[in-house]
Amino acid sequence: MGEGLGVGVIGLGFMGRTHLSAYATAARAGQPNRVVAVSDSNPGVADDQSLLADLQDVVMYEDAEALIADSRVDVISICTPTDSHVPLACAALEAGKHALVEKPLALTVAEVEILAQSAAQAGEDGLVCMPAMCMRYWPGWDWLAEEVRTGGLKNPVSVSFSRRSARPTWGGGFYDDSSRCGGVLFDLHVHDADFILHVFGPPATVEVGGTDDHTTTTYRWESGLQVSAEALWSPDPDYSFFMGYAAEFEGCSVDWSFDRDPRLLVQRGGKAQDVPLSPGDGYEGEVAAFLKAVGDGSTPPTTVHEAVALTAMLEAEARSFQTGEPITL
């Protein structure tokens, strides 16, 4: 197989560079791939020496379409502003490339459905289009999902998630325009919303309160289960990032905290025990899963069809925030 799949990355901001690192990790772990092309519309990227040092012998395009047309590129990571995700992903699939698309795919169900249709057609030709929902692959979060799925954790009583960070200041004003980024609900909270939908299934109602930059969503199921998820963009540029969850199940409680070692603790009978976790992070996990699906010719573990349901739920959350009322799904 030689050097394996040729990788192209469109968008070289924080997420694009994170994808570059994840592909390198995958290659070291035995998934042959090599970054052959990158693209960014910002001419200043070409002067970033710390980035260029890692991109020797890699073609740098300003034009994303030129990267998509590069015959050496087999798979493409799309790490650009949200409003470009769907057109770029559709173009990549039409050009015969596999696509890993950053979250959120788009801000409306109608837009995501355009990509879902394109992905379904491309899938008939063996192409993979996968939303980059990294929390499903994050060590300790994947554990929770599997324990719930297999019944290792039974009868959830209460579950809460929290995700907090400094308000993003990069992106040339992109994050100041909620009509483009979707605000804290679509850009930050989306991680927990996807994970909740993935683990617990569609809720009966959603209810959102708070402010533009600090929201709490309450999900309720007909079974009586209630799950909350807090999302905060702090105005303090030095605010330390945090994410975590805490949950009560029959006979035990579990909690995962980003700023603690060990991160995952399970408490039973008043005794806490840490759970050994695999190394790495969710970005590496999602890239590994994407490359595996490409290599196997299999359906990716995260699908555009699932992203349609996620976007519908987020749209309902946005309506609840605007009206102050719970929304039935």
Once you round to the nearest 0.5 Å, how far does [atom1] of [X] lie from [atom2] of [Y]?
| X | Y | atom1 | atom2 | value |
| --- | --- | --- | --- | --- |
| Arg28 | Asn33 | CZ | CG | 10.5 Å |
| Asp176 | Cys181 | CG | SG | 8.0 Å |
| His189 | Ser162 | NE2 | OG | 11.5 Å |
| Leu188 | Arg163 | CG | CZ | 6.5 Å |
| Thr80 | Asp40 | OG1 | CG | 9.5 Å |
| Leu67 | Arg72 | CG | CZ | 9.0 Å |

If two hydrophobic side chains count as joined below 4.5 Å and joins carry through other members, does [X] share a cluster with [Y]?
| X | Y | answer |
| --- | --- | --- |
| Phe14 | Phe186 | yes |
| Leu225 | Leu197 | yes |
| Tyr219 | Tyr245 | yes |
| Val38 | Ile76 | no |
| Val254 | Phe195 | yes |

Please examine the side chains of [Y] and [X], heavy atoms only from C-beta on, and report whether any two atoms are closer than 4.5 Å.
| X | Y | result |
| --- | --- | --- |
| Leu100 | Val75 | no |
| His98 | Leu93 | no |
| Ser165 | Phe242 | no |
| Glu315 | Arg319 | yes |
| Val157 | Phe249 | no |
| Met133 | Leu310 | yes |
| Val227 | Thr217 | no |

message: Go through it in stages, so that I can follow the logic: the residues are Arg164 and Glu230, the test is salt bridge (Lys or Arg N to Asp or Glu O under 4.0 Å), and I'd like the CA-CA distance, side-chain angles, deciding distance and then a yes or no.
response: CA-CA 8 Å; Arg164 307 189 296 268; Glu230 175 198 30; 3.5 Å; yes
Would you say [X]'s side chain and [Y]'s backbone share a donor-acceptor pair under 3.5 angstrom?
| X | Y | result |
| --- | --- | --- |
| His214 | Leu232 | no |
| Lys103 | Val190 | no |
| Ser84 | Pro81 | yes |
| Glu248 | Val159 | no |
| Asp296 | Ser298 | no |
| His198 | Ala145 | no |
| Arg34 | Val36 | no |
| Glu306 | Thr303 | yes |
| Asp74 | Gly6 | yes |
| Arg17 | Leu12 | yes |

Pair [X] + [Y]: basic N to acidic O under 4.0 Å:
| X | Y | value |
| --- | --- | --- |
| Arg167 | Asp236 | no |
| Glu286 | Arg136 | no |
| Glu207 | Arg220 | yes |

message: For Asp259, I'd like to know if atom CG has over 12 heavy atoms of other residues, nucleotides or ligands within 6.0 Å.
response: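 Enclosed: over 12 neighbouring heavy atoms sit under 6.0 Å from CG of Asp259.
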Considering only distance and modelled atom types, tabulate donor-acceptor pairs under 3.5 Å from the side chains of residues 266-275, sequence neighbours left out.
none

Work out which heavy atom in [X] is nearest to a heavy atom in [Y]; give both atom names and the distance.
| X | Y | result |
| --- | --- | --- |
| Leu264 | Trp256 | CB-CD1, 3.8 Å |
| Val73 | Gly8 | CG1-N, 3.9 Å |
| Pro139 | Asp142 | CA-OD1, 3.5 Å |
| Cys129 | Val101 | SG-CG2, 4.1 Å |
| Leu88 | Glu65 | CD2-OE2, 4.2 Å |
| Ala119 | Val304 | CB-CG2, 4.1 Å |

- prompt: Do the rings of Tyr23 and Phe290 sit parallel, tilted or perpendicular, given the 30° and 60° boundaries?
  reply: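 Because their plane-to-plane angle is over 60°, the rings of Tyr23 and Phe290 count as perpendicular.
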Does a donor on one side chain and an acceptor on the other come within less than 3.5 Å for [X] and [Y]?
| X | Y | result |
| --- | --- | --- |
| Ser320 | Glu317 | no |
| His19 | Glu102 | yes |
| Thr211 | Asp213 | no |

task: Give the intermediate values and the outcome of side-chain contact (heavy atoms from CB on, under 4.5 Å) for residues Tyr61 and Asp70.
output: CA-CA 10 Å; Tyr61 297 104; Asp70 190 326; 2.8 Å; yes
query: Hey, do the aromatic rings of Tyr239 and Trp233 have their centres closer than 6.0 Å?
result: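 Not under 6.0 Å, so no.
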field: Centroid-centroid distance, Tyr283 to Trp138, less than 6.0 Å
entry: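 Yes, the ring centres sit under 6.0 Å apart.
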- request: Among Val287, Thr25, Val9, find the one that has a side chain to side chain contact (heavy atoms under 4.5 Å, CB included) with Leu20.
  value: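 One option only clears the test, and that one is Val9.
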task: Establish, yes or no, whether the cationic atom of Arg149 lies under 6.0 Å from the six-membered ring centre of Trp143 and within 45° of the ring axis.
output: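 Arg149 over Trp143 ring: no.
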task: Kindly indicate, with the supporting measurements, whether the criterion side-chain contact (heavy atoms from CB on, under 4.5 Å) is fulfilled by Val206 and Leu329.
output: CA-CA 8 Å; Val206 296; Leu329 273 67; 3.8 Å; yes
- prompt: For Cys252 and Leu153, what are the C-alpha separation, side-chain angles and deciding distance, and is it a side-chain contact (heavy atoms from CB on, under 4.5 Å)?
  reply: CA-CA 8 Å; Cys252 73; Leu153 294 172; 3.5 Å; yes
task: Check the pair Leu115 / Leu105 against side-chain contact (heavy atoms from CB on, under 4.5 Å), numbers first and verdict last.
output: CA-CA 9 Å; Leu115 181 55; Leu105 295 191; 4.1 Å; yes
